Amino acid sequence: MTIIPSIKRDFLVKLAEDGKRADGRKFDEFRNIEIEVNVISKAEGSAKVKIGNTQVLAGIKMDIGEPYPDTPDSGVMITAAELIPLASPDFESGPPRENAIELARVVDRGIRESEVIEVDKLCVVPSEKVWLVFIDIHVLDYDGNLFDAASLAALAALLTTKVPAERFELGEDYPLPLKEPPISCTSVKYNGVVVMDPSLDEEAIAEVRLTIATDKNGDIRAMQKGLNGSFNLDEIKKIIKTSLDNGRKIQELLYKSAGK
Amino acid sequence: MNQEKREIVIPSQLLGEIKNKKAGKGTFVENGKIYSEILGILNNNSEYVNVIPLKGRYDPIEKDFVIGIVDIAMASSWLVDINAAYPALLHVNEVPWDVEFGETEKYLNHGDSIMAKVLQVDQEKKLQITLNDRNLFKIKGGQIFNVEPHKVPRIIGKKGSMISLLKKYTNCRIIVGQNGRIWLDGSDDGVKKVIDTIKMIENNALSFGLTNKIENLLKKDAKDVH
């Protein structure tokens, strides 16, 4: 693990006391977001998302398979994340560790619980054949806030996904049936200050982290709290509000980038 | 010296014959021919053929001044991260304080930053550092940021020309460790200017006459302020 020098922590805390952040952003401001879609020709849908220097690539593959016994007439969605060593000195090769699993689960939950993929429409023959949607997330460059970058990349990839029905002789290709996408926004707290879209250094000194996925109607679709610290009620209310505000902006950008 | 451009070479690129030149850093010899070992910039000026890497970790050399961050305090020594391949050992005999056995944590702890000197590097690149010299101390206040270790010579400049320029125009206290860590202290604007300038130096490390360019830039900025 990279060691965070205590003077770096002191420096960030001192800046926060003056109402500043190291990169000059406001507390509730995101870094610049870039979304590029259809970057992988072999995938059914794909997208590359940049939040500041964090870069994430998401690809969607689809296949025909058996449904789960308890949901015989809905499609199946599987999310996997990989933190390749190229992305950060702290990522190592080998089986996924806790952080990769948490990343995949947070992305998965945001998409699953908001029911953005209409799984009922992905059934071919009930309890025999349904569509499987594989969401694969590759982290290319890690500079903080992987959760938001990964879920945004997954959504952008889903928005451009075409169901490959022709390949399986099930009629013509059609776009993946989708509802409103949820946008996840991550905040962290250090020394009593809550900041949105943490950079690598801010993430390293954070005491507690909260990811909230919100949709267009202003409903909360998923939440994940991480690390050992705690938030008070006012802080959570404030985070929900800033997440909604940022969520709306990011959603516009997402639709624009996906050409919808 | 060829002032046109610096040539970038790739691993296993043929650089010359052993008859004419000696194989230097970042190269290897096979069948009497010199090849590049790494991706880097060719330096063909002396009797040696050297390749300076574009990127990479710090390769410790004895008597280098480095900025280290303490990882673990052990009973009679500390392990210090100096951005090299291995953590560096700092023994209690090599610090200016009188440390009782087992009381190392009273002096330096996980996350503390120190200005140190590389004492010894063995053949396996295992290393020891020391705090027993002039200008070596525990760092308090200010901030640290990282650059590519191989670009440190450009940031310091010829005989410290670049770094003294920066100090002159920004009134900041700057210490550059050979391991690519830079410590800064000063006014907020000054520190921001130093960081921006050093990032620019890092990005333009391949160009010639950089010190003059930077001086013009800093002069222009200084005029804008007044």
Side-chain angles (χ1 to χ4, degrees), chain A residues 1-27 29 31-32 50 52-55 84-93 139-144 188 190-191 193 195 198-208 227-229, chain B residues 55-58 66-73 78-88 90 105 107-116 137-146 148-149 172-173 175 177 179-189 191-196 199 203:
Chain A
M1 277 297 287
T2 311
I3 316 160
I4 299 297
S6 40
I7 59 171
K8 185 170 249 174
R9 182 191 307 264
D10 296 344
F11 173 69
L12 287 176
V13 166
K14 202 187 104 214
L15 277 182
E17 277 166 2
D18 300 341
K20 287 182 201 158
R21 290 170 81 172
D23 44 11
R25 279 184 289 157
K26 292 188 197 107
F27 286 157
E29 198 178 333
R31 287 169 286 183
N32 187 31
K50 274 176 101 172
N53 288 327
T54 296
Q55 248 190 93
I84 49 174
L86 182 78
S88 161
D90 293 339
F91 295 165
E92 299 205 4
S93 52
V139 177
L140 303 179
D141 218 343
Y142 175 42
D143 194 26
V188 298
Y190 54 88
N191 197 45
V193 181
V195 298
S199 68
L200 189 61
D201 290 340
E202 287 165 346
E203 215 163 69
I205 67 161
E207 295 148 17
V208 54
L227 308 178
N228 300 329
Chain B
K55 254 188 152 182
R57 288 220 145 195
Y58 167 61
V66 294
I67 293 177
I69 298 158
V70 178
D71 188 4
I72 311 168
W78 294 268
L79 282 184
V80 183
D81 173 50
I82 61 163
N83 199 22
Y86 296 101
L90 175 64
E105 287 187 6
Y107 298 87
L108 288 171
N109 235 320
H110 177 87
D112 284 345
S113 307
I114 52 171
M115 184 75 212
F137 50 91
K138 179 178 170 184
I139 298 171
K140 286 170 191 155
Q143 63 160 316
I144 285 182
F145 82 105
N146 298 321
E148 272 301 318
C172 282
R173 291 198 291 151
I175 299 173
N179 57 343
R181 291 209 177 105
I182 298 175
W183 177 83
L184 298 167
D185 200 11
S187 66
D188 287 357
D189 292 346
V191 166
K192 196 172 172 293
K193 205 194 263 179
V194 174
I195 291 177
D196 289 349
K199 277 190 181 148
N203 292 335

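Just so you know, these numbers come straight off a predicted model, no measurement behind them. Here is the naming used below: chain letters follow the sequence lines, and residue numbers restart at 1 for every chain.
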Could you list each N or O donor-acceptor pair linking chain A to chain B at a distance under 3.5 Å?
| unit_1 | atom_1 | unit_2 | atom_2 | d |
| --- | --- | --- | --- | --- |
| A:Ser6 | N | B:Gly111 | O | 2.6 |
| A:Ser6 | OG | B:Gly111 | O | 2.9 |
| A:Ser6 | OG | B:Asp112 | OD1 | 3.4 |
| A:Lys20 | NZ | B:Asp188 | OD2 | 3.2 |

Open item on the list: Counting only non-hydrogen atoms closer than 4.5 Å, does A:Ile4 touch chain B with its backbone (N, CA, C, O), its side chain (CB onward), both, or neither?
Closed with: backbone

Open item on the list: Distance check, rounded to the nearest 0.5 Å: B:Ile69 atom CD1 versus A:Ile7 atom CD1?
Closed with: 8.0 Å

Open item on the list: Under a 4.5 Å cutoff for heavy-atom pairs, which residue among B:Gly111, B:Gly141, B:Gly142 has the most contacts with chain A?
Closed with: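 Going by pairs under 4.5 Å, I would pick B:Gly111.
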
Task: Under 4.5 Å from a heavy atom of chain A, the part of B:Ile139 involved - done: both

